[in-house]
Amino acid sequence: MRRHGGSSSHPLPPEATPGAPRTDWATLRRLFPYLWQYKWRVLAALLFMIGAKAANVGVPVLLKNLVDAMDVKPGQAAALLVVPVGLLLAYGGLRLATSLFTELREIIFAKATQGAARSIALRTFEHLHALSLRFHLERQTGGMTRDIERGVRGIESLISFSLFSIIPTLIEVVMVLTILAVKFDLWYAGITVAALVLYIGWTVAVTEWRTKFRREANEFDSAAHTRAIDSLLNYETVKYFNNEDFEARRYDESLDRLRRARLKAQTTLSLLNTGQQLIIGVGLVAMLWRATQGVADGRMTLGDLVMINAFMIQIYIPLNFLGVIYRELKQSLTDLDKMFTLMDREREVPDAPGALPLALDGVPPVRFENVHFAYEADRPILHGIDFEIPAGKTVAVVGPSGSGKSTLARLLYRFYDVGTPPGSPDSPDSRQRDHGGRILIAGQDIRTVTQASVRAAIGIVPQDTVLFNDTVEYNIAYGRPGADRAAVEAAARAARIHDFITATPKGYATMVGERGLKLSGGEKQRVAIARTLLKNPPILIFDEATSALDSGNERAIQAELANAAQNKTTLVIAHRLSTVVDAHEILVMDAGHIVEHGTHGDLLLRQGRYAAMWALQQSVGD
């Protein structure tokens, strides 16, 4: 057994804790590149939108001309009949053009909206899979999935409300103000602008104030969802301890907080709407009062009055929804920011710049060289672990729970990088702080090669087997996606589960339930063994691979595992010593140290820690 140091880079920091929410403009800038992939669709949609608004603004103008054209004296009706007919046809044409351009805009831009939502959701999903095990052990699945769901929905709402509601309304307002100022006088434009400024100012101020209530409601919604999902996932535990009422009370507490937050949001919404209607009403009355005075004085026609009224209706109806639209925009930006925050989480274990795939020429040796590791600065786990698994050999690691055995597998898979965080009691001095040891596969430091290639070279049967909520065949084939049915069945036979599967009514199409809960512990473990055998990697890790099996099946499976480990570099982690007696070398770990090593026979002759563990297990029937 060699014990010597090795160089290592300083362990990378954990995923960055999300900071303060980014500004709305920063969120929009982050979204823009996803939309700009469809720039021609964006530009075409904008042109159709301008066309729709131009046609919509033309409707009141034609309506004015139609009303004025109908103001004829007796005897002139027949001569002027062709004029109203032409205006009516033009009126209908503009109405049709408005709808046509609007629908074309929707059709053209739908691909951009859905494409951007798909791209961002996929990027988020991929990034979450790229984050470290530490993040996934600390996450709240229910709340996180809710954030992603709201973020994707927020993209569609943001684009829909901004491009299809706010921007068109602004274009229409500019057109109307121009017509009013040119055709009549600046008072009309002034009244309209004053009403718009007051309306927008009131809407923005109140919405900014009440956004905190919406954000609070969303947080309580995520918390309630998290609590419900967690309780349902642990259904059996709830039943074991007869805690249905306790879980219902906890969920009800979350729902009550959500109810109070939503009531605050609704109350402030009513205040917002009341103020908006007051401003709109005053502005509309002022405009119509001035227009009726103009008609009475002979400065304006009835058609002018009708046109101004139509303009006000066309402008103020969309403004009625501006509060709702602005609120939804703010909420969409908040939801989108949460999803971008997930995407901004830094990877604790990234690939090194320019990392190449692991180069293997046959079955590789695996070496742990003076490895130090701690999950947290004040909780060191491994203290200078040093051993080698020769190519094609089996090394077993035994010891009490908490001694660091399973941590070896996590480090080999590079779920974490080796090293002890600064400030740890086990941290090397300032000259040695950057030396946490190395893990080598075929002489290559696994931090210098791609993680995907490292994990492709390793297969594991974990102690706690978790299956997908899919068929038995899917879960076995997960070891090598694309494997044919014959290969799946061969792996199942080797894992001694084929007969059980074929005895079920649906055979390999049997659903295993969420997390595999429809199967027993032993059945789940045999499925895990089958999919690892199907993967057939050069390096194997058996982490208590038969702990859930009965003695008869364990002996049969042990023989299959021993056969599978032939010409494989194998790390076996075990509590039951009878499962590792044939290993080429056995390491005994305690409190993060290797306290003994040797073959089964050698360790028994030493009468040390291993011999005592063996005697204890033999006395209680293993």
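Because the structure is predicted, anything quoted here is derived from the model rather than measured. The figures here come from the full heavy-atom set of this structure, side chains too, leaving out hydrogens, waters and symmetry mates. Along the sequence shown, residues carry numbers from 1.
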Peer 1: Quick check: does any side chain N or O of Lys568 sit under 3.5 Å from a backbone N or O of Pro537, one acting as donor and the other as acceptor?
Peer 2: yes
Peer 1: Under 4.5 Å between any side-chain heavy atoms of Val472 and Val512, yes or no?
Peer 2: yes
Peer 1: Using a strict cut-off of less than 4.0 Å between a Lys/Arg side-chain nitrogen and an Asp/Glu carboxylate oxygen, indicate whether Arg250 and Glu253 qualify as a salt bridge.
Peer 2: no
Peer 1: Does OH in Tyr478 sit with more than 12 non-hydrogen atoms of other residues, nucleotides or ligands closer than 6.0 Å?
Peer 2: no
Peer 1: For His584 and Thr394, indicate whether the former's side chain and the latter's backbone hold a donor-acceptor pair under 3.5 Å.
Peer 2: yes
Peer 1: Are more than 12 heavy atoms from other residues, nucleotides or ligands located less than 6.0 Å from atom CZ of Arg257?
Peer 2: yes
Peer 1: In Å, rounded to the nearest 0.5 Å, how long is the span from CD1 of Ile381 to CG of Leu411?
Peer 2: 10.0 Å
Peer 1: So, taking the atom named CG in Asp386 and the one named CG in Leu587, what distance separates them when rounded to the nearest 0.5 Å?
Peer 2: 10.5 Å
Peer 1: With a sphere of 6.0 Å drawn around CG of Asp602, does it hold more than 12 non-hydrogen atoms of other residues, nucleotides or ligands?
Peer 2: yes
Peer 1: Side chains of Thr570 and Ile389: closer than 4.5 Å at any heavy-atom pair?
Peer 2: no
Peer 1: Can you see which heavy atom on Leu534 is nearest to which on Arg480, and at what distance?
Peer 2: O-NH1, 2.9 Å
Peer 1: Would you say Glu388's side chain and Pro365's backbone share a donor-acceptor pair under 3.5 angstrom?
Peer 2: no
Peer 1: From Leu604 CG over to Met613 CE, what is the distance, rounded to the nearest 0.5 angstrom?
Peer 2: 11.5 Å
Peer 1: Could you go through Ile476 and Ile501, starting from their C-alpha distance and side-chain angles, then the distance that decides it, and tell me whether this counts as side-chain contact (heavy atoms from CB on, under 4.5 Å)?
Peer 2: CA-CA 12 Å; Ile476 295 176; Ile501 295 171; 4.1 Å; yes
Peer 1: Closer than 3.5 angstrom, by distance alone: can the side chain of Arg526 be matched with the main-chain N or O of Arg496 as a donor-acceptor pair?
Peer 2: yes
Peer 1: Just one of Ile594, Thr407, Ile573, Val595 clears the side chain to side chain contact (heavy atoms under 4.5 Å, CB included) bar with Met589, so which one?
Peer 2: Ile594
Peer 1: Side chains of Leu467 and Arg531: closer than 4.5 Å at any heavy-atom pair?
Peer 2: yes
Peer 1: Which residues pass the salt bridge (charged side-chain N to carboxylate O under 4.0 Å, His left out) test with Arg485, sequence neighbours left out?
Peer 2: Glu473, Glu489
Peer 1: State, to 0.1 Å, how close Ala491 and Ala530 come at their nearest heavy-atom pair, and which atoms those are.
Peer 2: CB-O, 3.3 Å
Peer 1: Whether the side chain of Glu596 engages the backbone of Arg609 through a donor-acceptor N/O pair (distance < 3.5 Å, no angle test) should be reported.
Peer 2: yes
Peer 1: Please check: side-chain N/O of Ser453 versus main-chain N/O of Pro357, any donor-acceptor pairing under 3.5 Å?
Peer 2: no
Peer 1: Pair Phe368, Leu382 - check side-chain contact (heavy atoms from CB on, under 4.5 Å), show working.
Peer 2: CA-CA 11 Å; Phe368 284 71; Leu382 300 180; 5.9 Å; no
Peer 1: Let me see the working for Thr502 and Tyr508 under side-chain contact (heavy atoms from CB on, under 4.5 Å), right down to the final yes or no.
Peer 2: CA-CA 7 Å; Thr502 54; Tyr508 280 86; 4.3 Å; yes
Peer 1: Using ring pair (Phe, Tyr, Trp, His ring centres under 6.0 Å) as the criterion, list what pairs up with His600, not counting sequence neighbours.
Peer 2: Tyr610, Trp614
Peer 1: CZ/Arg438 to CG/Asn370 distance, rounded to the nearest 0.5 angstrom?
Peer 2: 10.5 Å
Peer 1: Which atom pair, heavy atoms only, marks the closest approach of Leu412 to Ile439?
Peer 2: CD1-CG2, 3.9 Å
Peer 1: Kindly indicate whether the side chain of Asn469, heavy atoms from C-beta on, has any atom under 4.5 Å from the side chain of Met511.
Peer 2: yes
Peer 1: To the closest 0.5 Å, what do you measure between NE2 (His383) and CD1 (Ile385)?
Peer 2: 8.0 Å
Peer 1: Could you tell me which non-hydrogen atom of Ala224 sits nearest to which non-hydrogen atom of Tyr251, and how far apart they are?
Peer 2: O-CE1, 3.4 Å
Peer 1: Working to the nearest 0.5 angstrom, can you tell me the gap between Leu356 CG and Thr448 OG1?
Peer 2: 8.5 Å
Peer 1: Working note: Ile529 + Leu533, criterion side-chain contact (heavy atoms from CB on, under 4.5 Å); need CA distance, chi angles, decisive distance, verdict.
Peer 2: CA-CA 6 Å; Ile529 292 169; Leu533 295 177; 3.9 Å; yes
Peer 1: How close do Ala374 and Pro380 get, heavy atom to heavy atom, and via which atoms?
Peer 2: CB-CA, 3.5 Å
Peer 1: I'd like to check the salt bridge (charged side-chain N to carboxylate O under 4.0 Å, His left out) partners of Glu244; sequence neighbours left out, ordered by chain and number.
Peer 2: Lys239
Peer 1: Do Glu523 and Val527 touch side chain to side chain, with heavy atoms closer than 4.5 Å?
Peer 2: no
Peer 1: For residues Arg455 and Lys535, report the shortest heavy-atom separation together with the two atoms involved.
Peer 2: O-NZ, 2.8 Å
Peer 1: Counting C-beta onward and ignoring hydrogens, is there a side-chain heavy-atom pair between Pro400 and Asp590 closer than 4.5 Å?
Peer 2: yes
Peer 1: Tell me whether Lys393 at atom NZ has more than 12 heavy atoms from other residues, nucleotides or ligands lying less than 6.0 Å away.
Peer 2: no
Peer 1: Using modelled atom types and a 3.5 Å cut-off, is there a donor and acceptor pairing between side-chain atoms of Ser231 and backbone atoms of Arg227?
Peer 2: no
Peer 1: Using side-chain heavy atoms (C-beta onward) and a distance below 4.5 Å, is Thr569 in contact with Pro364?
Peer 2: yes
